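As C-alpha cells, the structure follows; a few thoughts come after it.
Order of listing sets the numbers, starting from 1, for every ligand and every atom in it. If you're wondering where the values come from, they're calculated on a predicted model, not measured in any experiment.
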Amino acid sequence: MFNFDNSYTTLAEDFYQAIMPSSAVAPQLIAFNTRLANELGIDYDGIDEQSLANIFSGKTILPGSKPISQAYAGHQFGNFVPSLGDGRAILLGEIITPKGLRVDVQLKGAGKTPFSRGGDGRSALGPVIREYIVSEAMHALNIPTTRALAAVTSGEQVYRDNSYQNNLVPGGILTRIASSHIRVGTFEYFASRQEYANVKQLADYAIKRHYPELLGQENIYLAFFRAVAKRKLSLVAKWMSVGFIHGVMNTDNNSISGETLDFGPCAFMDQFSEQKVFSSIDRNSRYAYSNQANIALWNISSLANCLVPIMGIEPDDVSALFDQEFEILSDYSKTVWAQAMGNKLGIFSATQEDLGLINNWLHYLENENLDFTNSFHDLAAVLHQNSAQTDDKINTKLKTSKEFEQFLSAWKNRLQQQSQDIEASESLMQQHNPLFIPRNHQVEKAIVQAMEGNYKHFHRLNHVLGTPFTEQEAHQDLKAPPKEDEIVQQTFCGT
Ligand code: AMP
Ligand code: MG
C-alpha cells in the first residue's frame, strides 16, 4: 500500500524515538480519503474496510514503516517549554508522491510515546472529526495545509473532562499527511540545548526537503529564514481572508513548510469581529483573529534566534540586520494581506494603498454585525446588479448606511480605474470568495452526531466543502450563519 522511503530516521538519534502504536483495540473505519490517496499514489486496490481500519489505527504495521515520535520544543502562549515532542502522534514513515514530493504519513492518537509526559497519547473522536473536516476544507479553499487521509474509531473510550457521559468519550485516530512535521519548535529543541550541529543538520534537511531552490545560495540559512517567514506570512493572510482563526499559534504548531498545522480549537468566524477569539485556552486574546500576522512575526523571530548562531554573522551586526529583516517582513505581511483581501473585493494585484478601502469595508462589517463570508457575495451582487442595469439604485441584502454608501462609491471608483472590465472583477471575486466554509455550528453538529456513531453530517460536510466555490443548490442551509441557539461561543482542543 505504502512504499515507505524514510529519511527522518537517517538524522541524528536525538531527533526522534522509535515507538509502536498501541491504542487501537477494535478499530473501525469512519473515512478513507480516496481522492487524496489517489493523489499520493497509494495503491489500495483489494484492501477491505477492516484492513484499512487496522492500517489507519496502527494495529497493522506495514512493511517498510519505522514508527517514530519526533522531538520538539515550543513557545506555548509565549512561554518556552524545552521538551514537548509528539505526545500523541506517531510517524509511520514517508512516501514519495507521483509528483515527486516527499510526505509524512502520521497517526494522531495512536497511543503513548516517550514524549507523552502526563498525557494518554490518545485522541478523542471530536478533534479527529474536526481536523478531518477543516483540514480538507482548507485544502479545497486553496490554502496550504496538512491533509486528512483517514479517520477511525479506536474501539477504546478515552477520559476527557469537560465532556459528556461520565467524561468518557470514544477514542479516534486521524491519519495526517504533511509535507513534513518540522516546526519552529523543532529548531528550538536543539537551539535551546545549544546543540548547533543538530540545528545545522535540521536546517540542511529542511532546506533540501522544502526549499531546494535555495541550495547553493550564499548565506543559505539567512535565505532559508526569509523563505520560511514569507511562506508563513502569506499563509496567515490567506487564513484571515477566509475568516480563519487558528487558535493556538504556538511555535510548536508552526510548520516550517508553510502549511496549516494542528486544528485544535480553530474556528471560522461568522460575524466579522477583528478581536474575535474562540479558543477556550487562549490567554489575553493572544491569538485573536487580527493578531495572527503579528504572532506569525513573533514565531518567526523565535526561528531567527535558533538560526543566528549558524548564520556566521558578526555578533555586532545581528541586531541591525534583523531590524531590517523584520521591517521588510512586516511590509511583506501588509502586502500579502492587501492582495488576499483585494482579490475578494475584485481588485487585481492590490497594494498597500488599498488598505484604507479594505479597512473601511471591514469596519462596516463589524459595525453592522454582518457575516464575513456571505457579505462578500452580497457585495458582488450589488456590482452585478449595477453592471447589468446601469441603475444606481441599490437593492442589497447589505445594510445601507452612510458608511456603506461611502465605501461603495470609493470601491466602484477603484474598480473602474482598473484596465480589466467589471465582469473580470466579478469573476475574481467568485474565485476568492467561498460560498461554503466549515461553519462552527455545522462542525459541532458533525461531532455531536459522530459521538453517537452517526457520520451522515460529517460525510455531507466533507462532500460540500470539497468544492467551496461552486454553488450547490441542495445545500443552501450550510451557507447560513448560526441561529441564536446554534452559535458556538468557545472551541476546545479536546486533547
Ligand atoms: P497540541 O495542543 O496538540 O499542539 O499539543 C501540544 C503538546 O501536547 C504536544 O507536545 C502534544 O504531543 C502534547 N499532547 C497533546 N495531547 C496529548 C495527549 N492526549 N497525550 C499526550 N500528549 C499530548
Ligand atoms: Mg501541536
Side-chain angles (χ1 to χ4, degrees), residues 15-17 19-24 57-58 67-91 104 106-132 134-135 145-146 148 154 156-163 167-176 178 180-189 192 232 245-257 259-267 278-283 286-287 295 299 302 490-495:
F15 280 62
Y16 61 90
Q17 302 256 3
I19 182 73
M20 281 293 163
S22 60
S23 74
S57 61
I68 58 166
S69 47
Q70 293 174 316
Y72 56 84
H75 275 93
Q76 299 193 308
F77 302 94
N79 302 312
F80 187 61
V81 184
S83 191
L84 287 165
D86 287 331
R88 57 153 170 187
I90 296 176
L91 180 67
D104 281 5
Q106 190 202 57
L107 300 179
K108 211 173 157 184
K112 278 193 189 170
T113 77
F115 300 102
S116 293
R117 295 170 290 158
D120 61 2
R122 269 70 172 158
S123 190
L125 181 58
V128 169
I129 293 292
R130 181 192 306 277
E131 177 155 349
Y132 193 110
V134 183
S135 65
T145 177
T146 62
S154 62
E156 274 192 332
Q157 300 273 62
V158 299
Y159 182 89
R160 293 292 181 268
D161 56 10
N162 82 24
S163 59
N167 292 334
L168 284 174
V169 290
I173 301 168
L174 181 90
T175 303
R176 178 157 74 181
S180 88
H181 285 87
I182 303 170
R183 309 138 194 269
V184 168
T186 320
F187 283 89
E188 290 178 297
Y189 183 84
S192 67
K232 180 70 191 182
I245 305 168
H246 182 281
V248 232
M249 288 178 69
N250 293 334
T251 56
D252 51 302
N253 294 334
N254 189 151
S255 161
I256 288 294
S257 75
E259 288 176 339
T260 311
L261 174 67
D262 272 14
F263 292 83
C266 71
F278 285 100
S279 165
S280 63
I281 54 166
D282 200 345
R283 298 181 202 156
R286 182 179 168 90
Y287 301 138
I295 287 292
N299 288 350
S302 300
Q490 258 196 336
T491 49
F492 301 90
C493 272
T495 49

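- When each atom of ligand 1 is checked for a heavy atom of N253 under 4.0 Å away, the hits are 4 (O).
- With 2.8 Å as the limit, N250 does not count as an N, O or S neighbour of the Mg ion (ligand 2).
- For a threshold of 3.5 Å applied to N or O pairs, the pair formed by D86 and ligand 1 contains no separation below that value.
- Nearest heavy atom pair, residue F278 against residue P265, reads CB-O, 4.5 Å.
- Any N or O atom pair closer than 3.5 Å counts here, and F115 shares no such pair with ligand 1.
- One distance of note links CZ of R286 with CE of M249; it measures 9.5 Å at 0.5 Å rounding.
- At a threshold of 4.5 Å between non-hydrogen side-chain atoms, the residues F263 and T145 count as touching.
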Q: Would you check, one step at a time, whether the test side-chain contact (heavy atoms from CB on, under 4.5 Å) holds for H181 with D86?
A: CA-CA 10 Å; H181 285 87; D86 287 331; 5.8 Å; no
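- Those atoms of ligand 1 that come under 4.0 Å of a heavy atom in G119, given as number and element, are 20 (N), 21 (C).
- In the vicinity of Y72, heavy-atom distances shorter than 4.0 Å reach the ligand 1 atoms 9 (C), 10 (O), 12 (O).
- Of all atoms in ligand 1, numbered sequentially from 1 with element shown, those under 4.0 Å from a heavy atom of D262 are 1 (P), 3 (O), 4 (O).
- Residues F77 and Y287 bring their aromatic ring centres within 6.0 Å.
- Not one N or O of L84 is nearer than 3.5 Å to an N or O of ligand 1, by distance alone.
- Counting backbone and side-chain atoms alike, D262 contributes an N/O/S atom closer than 2.8 Å to the Mg ion (ligand 2).
- When all heavy atoms of P67 and I90 are compared, the closest pair comes out as CB-CG2, 3.7 Å.
- The shortest heavy-atom contact between A89 and S69 is O-CB, 3.9 Å.
- Residue contacts with ligand 1 leave out G264, since none of its heavy atoms falls under 4.0 Å from the ligand.
- Checking side-chain atoms of S123 against main-chain N and O of K108 turns up no donor-acceptor pair under 3.5 Å.
- The shortest heavy-atom distance from K112 to ligand 1 is not under 4.0 Å.
- Annotation for ligand 1: atoms under 4.0 Å from non-hydrogen atoms of G85 are 9 (C), 10 (O), 11 (C), 12 (O).
- Under a 4.0 angstrom heavy-atom cut-off, R160 registers as being in contact with ligand 1.
- Every atom of ligand 1 with a heavy atom of R117 under 4.0 Å away is listed here by number and element: 7 (C), 8 (O), 10 (O), 13 (C).
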Q.
Test side-chain contact (heavy atoms from CB on, under 4.5 Å) on C266 and V134; report intermediate values, then the result.
A. CA-CA 9 Å; C266 71; V134 183; 4.1 Å; yes
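- Listed here is the closest heavy atom pair of Q76 and V81: OE1-CG2, 3.7 Å.
- For R122, every heavy-atom contact with ligand 1 shorter than 4.0 Å involves the backbone, none the side chain.
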